[in-house]
There are 2 protein chains.
Amino acid sequence: MSTKQEKEFLKNYNIHDYDVPLTSVDIVIFSIRNEQVNVLIFKRNDFPYKDNWAIPGGFINIKRDKNIEQTALRKLKEKTGYTAPYLEQLGATGNNKRDPRGWSVTVTYFALVNAEEVELDEDTLWCPLDNDGHITQSKLAFDHSELIKEAFQRLRSKAQYTTIALHVLPEKFTLSELQKCFEIILGGKLNKSGFRRRITKGNVVEEIKGESKQTTTRMAQLYRKSGNEELHFYMREIYAR
Amino acid sequence: MSTKQEKEFLKNYNIHDYDVPLTSVDIVIFSIRNEQVNVLIFKRNDFPYKDNWAIPGGFINIKRDKNIEQTALRKLKEKTGYTAPYLEQLGATGNNKRDPRGWSVTVTYFALVNAEEVELDEDTLWCPLDNDGHITQSKLAFDHSELIKEAFQRLRSKAQYTTIALHVLPEKFTLSELQKCFEIILGGKLNKSGFRRRITKGNVVEEIKGESKQTTTRMAQLYRKSGNEELHFYMREIYAR
DNA sequence: CTTTTATGGTGTACTAAATACCCTATTGTG
DNA sequence: CACAATAGGGTATTTAGTACACCATAAAAG
């Protein structure tokens, strides 16, 4: 397939001969803390936007990373220690405005983690989002506030027809805790028995026989995730009011 | 905000000092012909994969393109003449294997067009897909077969809960023609009266008063798209068997 | 030690929006 | 003129939600 001419072409090909955009990976890391959706941000150490808050990310290391998902996982691991989180690509954003260094493309991922299992570095913090996915704290570097908002919209939308909220919980949890997570993400109340039917009917959680958790009132049955798939998809959206 | 130090940094910043990936945009253009989903492919004129079939695409022109969607629209217009098609970003694919020139990231878009309104250039053709989204003709350059398959899965999935199939039809169409398009995309038969209720209930199509179309049997009412949104989203998926 | 209260857990009536199946109308064709 | 084929639409059934009521249980209050 590969002709002599083609080999010649590839030998002479040098990307540095062309005007190319910057290409980076950013990652919106979600968790739930104090009954709010939170996002992990850190204070930048380098130009541009030095000393501003931003979401984790950076350039693809074309020596070390085999693919872009690996770049995202590497960044996530650096900031949270997580190696197997829920991770989904949100999409690419690219234009000539978003980075002062020039034309820039970023591939954004979002991850769900359990806040209890993350140890924060210095200059790293959880920042709560309001009901529209706006970050309530400081203004962020680049277009990161916009990326967070888009990721939040995707998260909320997916919570309506999948089991995505499972991924912010620890290994063991009660159904009320799970419902609470859905309600926080969806921004409204869910019907209890409808929710429990929906969750227990599919093969998405299983009782941990004999284990229950002390709450403020009566004991609650503990569950764990079951099924192998990352997400279970429902035929209908759930209704939060 | 912008300090002297930062200005200095930006002045000295040169992307050519770094090892960066190639970044391109590819576009999967769908239409329906002969009761099959088709994809537009063309014969490559340049290395690598010269003389192989591929989907349209290319590098971002950082002088002319303001953002990646513009790059995609530019490529689409070159091949089809369309300036306002249904266009959606599928996502980014990036790894060190897909392009012989080196580490490569591509942002894939997919578009829906009406085949009748496209004039094919030389070295350009419509190629039908089988029921799994596999291209039935030749092997394609790069990982383009894989990109097509992923785009087709997204298209089929969206046809289950949105009005996406509207975008492969001409301005005027009958409900039977619309149903046929959905069936082709979904790969199964739909229930007629259920389908008509679903379509006519939302504000997605409107009768063209007094206009009807001759079919092989009785006259059929003509409709046009209505509503301003690109897509209408339903709460439930439709069921094709 | 009893009562209150908050939450855990479940059952039932109602409802929305599908599917499944049926019927009638219209027009070209043998 | 009967018949085939598609347009167009009606109704019963099913599915999976919402709304709401009810009992259980353990901590806290009196």
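In what follows, chains are A, B, ... by sequence order, proteins preceding strands, each numbered from 1. Quantities reported herein were computed from a predicted structural model and do not represent experimental measurements.
- What separates NZ of B/K201 from P of D/dG9 is a distance of 15 Å, to the nearest Å.
- The aromatic rings of A/Y86 and A/H167 sit tilted, their planes meeting at an angle between 30° and 60°.
- A donor atom on one side chain and an acceptor atom on the other are not found under 3.5 Å apart for A/T93 and A/T106.
- In this structure, B/D132 contributes its side chain and B/H134 its backbone to no donor-acceptor pair below 3.5 Å.
- Contact annotation: side chain of A/R236 to base of D/dT15, donor-acceptor pair present below 3.5 Å.
- Rounded to a whole Å, the CZ atom of A/R218 is 6 Å from the P atom of D/dT25.
- Heavy-atom nearest nucleotides on DNA chain D were determined for A/I238 and for B/L222, and the one closer to the 5' end corresponds to B/L222.
- At a threshold of 4.0 angstrom between heavy atoms, the contacts of B/Q221 are confined to the sugar-phosphate backbone, with no base atom among them.
- When all heavy atoms of A/V25 and A/Y109 are compared, the closest pair comes out as CG1-CD1, 4.0 Å.
- As a whole-Å value, the separation of B/Y234 OH from C/dT19 P is 12 Å.
- Within residues 189-198 of chain A, the residues having any heavy atom under 4.0 Å from DNA chain D are, by residue number, A/N191, A/S193, A/G194, A/R197, A/R198.
- Atom C1' of nucleotide C/dA18 and atom CE of B/M235 are separated by 13 Å, given to the nearest angstrom.
- For the segment residues 164-171 of chain B, the set of residues with a heavy atom within less than 4.0 Å of an atom of DNA chain D is empty.
- Atom-to-atom, CZ of A/F233 to P of D/dA16 comes out at 17 Å; the value is rounded to the nearest Å.
- In this structure, NZ of A/K180 is placed 12 Å from C1' of C/dT7, rounded to the nearest angstrom.
- Nearest heavy atoms, A/T174 versus A/A220: CG2-CB, 3.6 Å.
- As a whole-Å value, the separation of B/E237 CD from C/dT19 C1' is 15 Å.
- With a 4.5 Å cut-off on side-chain heavy atoms, A/L175 and A/I199 count as touching.
- A side-chain N or O of A/N131 and one of A/R156 form a donor-acceptor pair less than 3.5 Å apart.
- Considering only heavy atoms from C-beta on, B/L90 stays 4.5 Å or farther from B/D26 through its side chain.
- Residue A/M219 is classed as a sugar-phosphate contact, given heavy-atom separations below 4.0 Å to backbone atoms only.
- Between A/E150 and A/R154, no side-chain nitrogen of the basic residue sits less than 4.0 Å from a carboxylate oxygen of the acidic one, so the salt-bridge criterion is not met.
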